[in-house]
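Working notes for the structure below.
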Amino acid sequence: MNNKLEQKFINILKKYCNEKIIENISLVDISDNKKLIEQGVLFDDGHTCYHDYEKLEDVIIGLVTSADNYGIYLGSEFIGIVSIFNKYYKDLTRLEISICIKNEYRNKNIGKYCLETTIHNYFKNQKNKSIHLSIREDNIKSRKIAENCGFKLYTGYKCDNIFTDQTGNIIPQVQYLLKRKDYIKK
(Lines give C-alpha, C1' and ligand atoms only; values in the text may rest on other atoms or scores of the structure.)
Protein backbone atom coordinates (compact mmCIF):
# COMPACT_ATOMS: atom_id res chain seq x y z
CA MET A 1 0.00 0.00 0.00
CA ASN A 2 1.28 3.47 -0.70
CA ASN A 3 1.79 5.93 2.16
CA LYS A 4 -1.13 8.18 1.18
CA LEU A 5 -3.57 5.28 1.11
CA GLU A 6 -2.22 3.93 4.42
CA GLN A 7 -2.67 7.31 6.08
CA LYS A 8 -6.22 7.61 4.72
CA PHE A 9 -7.04 4.15 6.11
CA ILE A 10 -5.51 5.03 9.49
CA ASN A 11 -7.55 8.24 9.62
CA ILE A 12 -10.76 6.34 8.86
CA LEU A 13 -9.98 3.85 11.64
CA LYS A 14 -9.23 6.66 14.12
CA LYS A 15 -12.49 8.41 13.26
CA TYR A 16 -14.46 5.18 13.70
CA CYS A 17 -12.78 4.43 17.05
CA ASN A 18 -13.41 7.99 18.29
CA GLU A 19 -17.08 7.75 17.29
CA LYS A 20 -17.41 4.48 19.22
CA ILE A 21 -15.84 6.12 22.28
CA ILE A 22 -18.24 9.09 22.09
CA GLU A 23 -21.22 6.70 22.07
CA ASN A 24 -20.13 5.55 25.54
CA ILE A 25 -19.50 8.98 27.08
CA SER A 26 -21.83 10.32 29.75
CA LEU A 27 -21.81 13.45 31.89
CA VAL A 28 -22.86 12.91 35.51
CA ASP A 29 -23.44 15.63 38.09
CA ILE A 30 -20.66 15.38 40.70
CA SER A 31 -21.10 18.85 42.22
CA ASP A 32 -21.35 17.44 45.76
CA ASN A 33 -18.48 14.97 45.41
CA LYS A 34 -15.32 16.72 46.59
CA LYS A 35 -13.17 13.62 46.02
CA LEU A 36 -14.17 13.25 42.35
CA ILE A 37 -13.80 16.99 41.73
CA GLU A 38 -10.27 16.83 43.13
CA GLN A 39 -9.48 13.80 40.98
CA GLY A 40 -10.79 15.63 37.90
CA VAL A 41 -8.72 18.73 38.66
CA LEU A 42 -5.63 16.55 39.02
CA PHE A 43 -6.16 15.33 35.42
CA ASP A 44 -5.17 18.90 34.50
CA ASP A 45 -1.50 17.95 34.45
CA GLY A 46 -0.48 21.10 32.59
CA HIS A 47 -2.60 23.34 34.83
CA THR A 48 -4.26 24.80 31.76
CA CYS A 49 -7.82 24.78 33.15
CA TYR A 50 -7.47 25.20 36.88
CA HIS A 51 -4.45 27.44 37.29
CA ASP A 52 -5.63 30.43 39.36
CA TYR A 53 -4.79 28.97 42.73
CA GLU A 54 -1.84 28.59 45.03
CA LYS A 55 -3.16 25.51 46.82
CA LEU A 56 -5.15 22.65 45.33
CA GLU A 57 -7.62 22.86 48.22
CA ASP A 58 -8.52 26.42 47.17
CA VAL A 59 -9.67 25.38 43.71
CA ILE A 60 -11.57 22.37 45.08
CA ILE A 61 -13.45 24.53 47.59
CA GLY A 62 -14.20 27.08 44.86
CA LEU A 63 -15.60 24.42 42.53
CA VAL A 64 -17.65 22.69 45.24
CA THR A 65 -19.19 25.95 46.44
CA SER A 66 -19.73 27.89 43.22
CA ALA A 67 -19.68 25.65 40.13
CA ASP A 68 -21.72 23.01 38.41
CA ASN A 69 -19.40 20.04 38.02
CA TYR A 70 -19.96 17.05 35.77
CA GLY A 71 -17.85 13.93 35.71
CA ILE A 72 -16.98 12.66 32.27
CA TYR A 73 -17.43 8.90 32.19
CA LEU A 74 -16.42 6.42 29.53
CA GLY A 75 -18.67 3.55 30.52
CA SER A 76 -18.02 3.36 34.26
CA GLU A 77 -14.54 4.90 34.15
CA PHE A 78 -14.15 8.49 35.39
CA ILE A 79 -11.99 10.19 32.77
CA GLY A 80 -12.53 13.93 33.24
CA ILE A 81 -14.47 16.87 34.53
CA VAL A 82 -16.53 19.72 33.13
CA SER A 83 -16.93 22.76 35.39
CA ILE A 84 -19.39 25.55 34.63
CA PHE A 85 -19.17 28.67 36.75
CA ASN A 86 -19.69 32.38 36.81
CA LYS A 87 -16.27 33.92 37.21
CA TYR A 88 -17.37 37.54 36.99
CA TYR A 89 -19.79 38.74 39.66
CA LYS A 90 -20.65 41.89 37.67
CA ASP A 91 -22.26 39.83 34.92
CA LEU A 92 -24.21 36.87 36.28
CA THR A 93 -25.35 35.81 32.80
CA ARG A 94 -21.76 35.11 31.68
CA LEU A 95 -20.65 31.54 32.16
CA GLU A 96 -17.16 30.14 31.91
CA ILE A 97 -16.52 26.48 31.09
CA SER A 98 -13.46 24.40 31.94
CA ILE A 99 -12.98 20.90 30.60
CA CYS A 100 -10.21 18.61 31.71
CA ILE A 101 -9.69 15.07 30.43
CA LYS A 102 -7.29 12.34 31.50
CA ASN A 103 -4.23 12.45 29.27
CA GLU A 104 -4.79 9.09 27.54
CA TYR A 105 -8.30 10.13 26.44
CA ARG A 106 -7.34 13.43 24.85
CA ASN A 107 -7.51 13.94 21.06
CA LYS A 108 -10.51 11.63 20.70
CA ASN A 109 -13.22 14.33 20.30
CA ILE A 110 -14.37 13.84 23.90
CA GLY A 111 -13.69 17.49 24.79
CA LYS A 112 -15.64 18.69 21.76
CA TYR A 113 -18.55 16.40 22.59
CA CYS A 114 -18.59 17.62 26.22
CA LEU A 115 -18.40 21.27 25.15
CA GLU A 116 -21.23 20.85 22.62
CA THR A 117 -23.39 19.03 25.18
CA THR A 118 -22.77 21.66 27.84
CA ILE A 119 -23.50 24.54 25.46
CA HIS A 120 -26.75 22.91 24.37
CA ASN A 121 -27.90 22.20 27.92
CA TYR A 122 -27.06 25.63 29.32
CA PHE A 123 -28.57 27.62 26.48
CA LYS A 124 -31.64 25.38 26.31
CA ASN A 125 -32.41 25.17 30.03
CA GLN A 126 -30.89 28.33 31.50
CA LYS A 127 -31.22 32.07 30.97
CA ASN A 128 -27.55 32.65 30.23
CA LYS A 129 -26.67 35.23 27.61
CA SER A 130 -23.16 34.01 26.82
CA ILE A 131 -20.53 31.39 27.43
CA HIS A 132 -16.86 32.26 27.56
CA LEU A 133 -13.72 30.21 27.30
CA SER A 134 -10.26 31.28 28.46
CA ILE A 135 -7.68 29.32 26.50
CA ARG A 136 -3.92 29.45 26.50
CA GLU A 137 -2.80 31.15 23.33
CA ASP A 138 -0.54 28.18 22.50
CA ASN A 139 -3.31 25.58 22.98
CA ILE A 140 -4.16 25.30 19.29
CA LYS A 141 -6.31 22.16 19.62
CA SER A 142 -8.61 23.72 22.24
CA ARG A 143 -8.86 26.88 20.18
CA LYS A 144 -9.94 24.88 17.11
CA ILE A 145 -12.56 23.02 19.17
CA ALA A 146 -13.93 26.36 20.40
CA GLU A 147 -14.11 27.74 16.87
CA ASN A 148 -15.74 24.55 15.55
CA CYS A 149 -18.41 24.90 18.26
CA GLY A 150 -19.23 28.46 17.13
CA PHE A 151 -17.12 30.49 19.57
CA LYS A 152 -15.55 33.68 18.27
CA LEU A 153 -12.29 35.21 19.40
CA TYR A 154 -13.25 38.00 21.79
CA THR A 155 -11.00 40.85 22.81
CA GLY A 156 -13.61 43.02 24.53
CA TYR A 157 -13.84 41.33 27.91
CA LYS A 158 -11.38 42.70 30.43
CA CYS A 159 -9.77 40.04 32.56
CA ASP A 160 -6.41 38.60 33.47
CA ASN A 161 -5.20 37.61 30.01
CA ILE A 162 -2.12 35.75 31.13
CA PHE A 163 -1.46 32.24 32.28
CA THR A 164 1.49 31.30 34.44
CA ASP A 165 2.56 27.70 34.02
CA GLN A 166 4.05 25.47 36.71
CA THR A 167 7.56 26.72 36.05
CA GLY A 168 6.63 30.41 36.18
CA ASN A 169 6.56 31.04 32.43
CA ILE A 170 3.96 33.59 31.39
CA ILE A 171 1.77 32.54 28.48
CA PRO A 172 -0.95 34.80 27.04
CA GLN A 173 -4.56 33.66 27.18
CA VAL A 174 -7.19 34.33 24.58
CA GLN A 175 -10.90 34.73 25.24
CA TYR A 176 -13.63 33.12 23.18
CA LEU A 177 -17.30 34.06 23.29
CA LEU A 178 -20.48 32.34 22.19
CA LYS A 179 -23.65 34.39 22.50
CA ARG A 180 -26.96 32.67 23.11
CA LYS A 181 -28.62 34.51 20.23
CA ASP A 182 -25.91 33.34 17.80
CA TYR A 183 -26.17 29.76 19.03
CA ILE A 184 -29.96 29.68 18.69
CA LYS A 185 -29.71 30.88 15.07
CA LYS A 186 -27.74 27.77 14.09
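Below, each value reflects all heavy atoms present in this structure, side chains not excepted, and no hydrogens, waters or symmetry copies. Residue numbers run from 1 in the order of the sequence given.
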Over all heavy atoms of both residues, which pair between Ser31 and Ala67 is shortest? Give the atoms and the distance, please.
OG-O, 3.8 Å
Of all the heavy-atom pairs spanning Ile60 and Glu38, show the shortest one and how long it is.
CD1-CA, 3.3 Å
Note, Ile135 side chain near Gln173 side chain (heavy atom, < 4.5 Å)
no
Please test Glu57 against Lys34 for side chain to side chain contact (heavy atoms under 4.5 Å, CB included), starting from the C-alpha separation and ending with a verdict.
CA-CA 10 Å; Glu57 186 64 19; Lys34 187 175 175 182; 2.8 Å; yes
Decide if atom CG of Asp32 counts as having more than 12 heavy atoms of other residues, nucleotides or ligands within a radius under 6.0 Å.
no
Taking the side chain from Asn33 and the backbone from Leu36, do they hold a donor-acceptor pair closer than 3.5 Å?
yes
If you measure from CD1 on Ile72 to OG1 on Thr117, what distance do you get to the nearest 0.5 Å?
10.0 Å
Take the angle between the ring planes of Phe43 and Phe78 and call it parallel below 30°, perpendicular above 60°, tilted in between.
tilted
Answer yes or no: is there a side-chain heavy-atom contact under 4.5 Å between Asn86 and Ser66?
no
Between Phe85 and Ser98, is any pair of side-chain heavy atoms under 4.5 Å apart?
yes
Quickly, which of Asn69, Thr118, Val41, Ile97 forms a side chain to side chain contact (heavy atoms under 4.5 Å, CB included) with Ser83? Name it, please.
Asn69
Closest contact, heavy atoms only, Ile30 versus Tyr73
CG2-OH, 4.3 Å
Measure the acute angle between the ring planes of Tyr154 and His132, then classify it against the limits of 30° and 60° as parallel, tilted or perpendicular.
perpendicular
Glu96 (side chain) donor-acceptor with Ser134 (main chain) under 3.5 angstrom
yes
Minimal non-hydrogen separation, Leu178 against Gly150, with atom names:
CD1-O, 3.4 Å
Shortest non-hydrogen separation from Cys149 to Leu115 and the atoms involved:
SG-CD2, 3.9 Å
Hey, are the side chains of Ile81 and Ile99 touching, using non-hydrogen atoms and a 4.5 Å cut-off?
no
Output yes when a side-chain donor or acceptor of Arg180 lies under 3.5 Å from a complementary backbone atom of Ser130, and no otherwise.
no
Does the side chain of Thr155 pick up a donor-acceptor pair with the side chain of Gln175 at under 3.5 Å?
no
So, do Arg143 and Lys141 sit near enough that their side-chain heavy atoms are less than 4.5 Å apart?
no
Compare every heavy atom of Gly40 with every heavy atom of Cys100, then report the nearest pair and how far apart it is.
SG-O, 3.8 Å
Ile131 and Phe123: side chain to side chain contact (heavy atoms under 4.5 Å, CB included), yes or no, with the steps?
CA-CA 9 Å; Ile131 297 175; Phe123 279 156; 3.8 Å; yes
Side chains of Phe151 and Ile119, heavy atoms from C-beta outward: is any pair under 4.5 Å?
yes
Answer yes or no: is there a side-chain heavy-atom contact under 4.5 Å between Leu95 and Tyr122?
yes
Qualifying residues under side chain to side chain contact (heavy atoms under 4.5 Å, CB included), relative to Tyr105, sequence neighbours excluded:
Leu74, Glu77, Ile79, Ile101, Lys102, Ile110
Which salt bridge (charged side-chain N to carboxylate O under 4.0 Å, His left out) pairs, counting each pair once, include a residue from residues 60-69, with sequence neighbours left out?
none
